[in-house]
Amino acid sequence: MLPLTFYKCLADDTRLRCLLLIQQEGELCVCELMEALQESQPKISRHLAQLRECKLLVDRRQGQWIFYQLNPNLPTWAKDVLATTADNNADFFSKNSQQLQKMGTRPQRDQACC
């Protein structure tokens, strides 16, 4: 991944908040991000598609749900940038995180077999 591509993908407020929340939670679906960011489904989906195109996110299908997580093949430097950003800017997305925690019914994730 080129640094220019990486930073261009982070240059939007919604995309950056999505990435930081996904990093914090491990994986999230569109409905969870809608709740956390108080944005519409089309807007969230469009930004998630852009993050997939940039190879920052991967998705997995579970029944009717599609869950998004950070691409495990991201270069170490990119993971470090996201971790440092999250660790040093919790106030930037704390309201979003609180909104997510208030969400009543969140999709269940399949538990991995032992």
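Quick caveat, the model's predicted, so the values are computed rather than measured.
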Between atom [atom1] of [X] and atom [atom2] of [Y], what is the distance when rounded to the nearest 0.5 Å?
{"X": "L2", "Y": "K55", "atom1": "CG", "atom2": "NZ", "answer": "12.5 Å"}
{"X": "R52", "Y": "I66", "atom1": "CZ", "atom2": "CD1", "answer": "7.5 Å"}
{"X": "R61", "Y": "F67", "atom1": "CZ", "atom2": "CZ", "answer": "11.0 Å"}
{"X": "L82", "Y": "L56", "atom1": "CG", "atom2": "CG", "answer": "7.0 Å"}

* Under the salt bridge (charged side-chain N to carboxylate O under 4.0 Å, His left out) test, which residues partner D13, sequence neighbours left out? -> R17
* Name all residues meeting the salt bridge (charged side-chain N to carboxylate O under 4.0 Å, His left out) criterion together with E25; count only those two or more places apart in sequence or in a different chain, and write none if there are none. => R106
* To do: Output, in order, the C-alpha distance, side-chain angles, deciding distance and verdict of side chain to side chain contact (heavy atoms under 4.5 Å, CB included) for L10 and T85.
  => CA-CA 11 Å; L10 299 181; T85 301; over 6 Å; no
* Asked: Same hydrophobic cluster for W65 and M34, using side-chain heavy-atom links shorter than 4.5 Å among ILVMFWY?
  -> no
* Under a 4.5 Å side-chain heavy-atom rule over Ile, Leu, Val, Met, Phe, Trp and Tyr, are F6 and L4 clustered together? ->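 Shared cluster, no.
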Would you say that [X] contacts [Y] through its side chain, given a criterion of any heavy-atom pair below 4.5 Å between the two side chains?
{"X": "N96", "Y": "L20", "answer": "no"}
{"X": "Y7", "Y": "V81", "answer": "yes"}
{"X": "L48", "Y": "I22", "answer": "yes"}
{"X": "L51", "Y": "Y68", "answer": "no"}

* Any donor-acceptor pair under 3.5 Å linking the side chain of T84 with the backbone of D80? -> yes
* Do any N or O atoms from the side chain of D12 and from the backbone of R15 form a donor-acceptor pair under 3.5 angstrom? -> yes
Please find the pair of heavy atoms, one from [X] and one from [Y], that lie closest to each other, and give the distance.
{"X": "Q99", "Y": "E35", "value": "CB-O, 3.6 Å"}
{"X": "Q24", "Y": "S97", "value": "NE2-OG, 2.7 Å"}
{"X": "L19", "Y": "L70", "value": "CD2-CD2, 3.6 Å"}
{"X": "P72", "Y": "V58", "value": "CD-CG2, 3.9 Å"}

* More than 12 foreign heavy atoms under 6.0 Å from NZ of K79: is that the case here? -> yes
* Using disulfide bond (SG atoms under 2.5 Å apart) as the criterion, list what pairs up with C54, not counting sequence neighbours. => C9
* Asked: Do E39 and T14 have a side chain donor and acceptor closer than 3.5 Å?
  ->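 Side-chain D/A pair, E39 to T14: absent.
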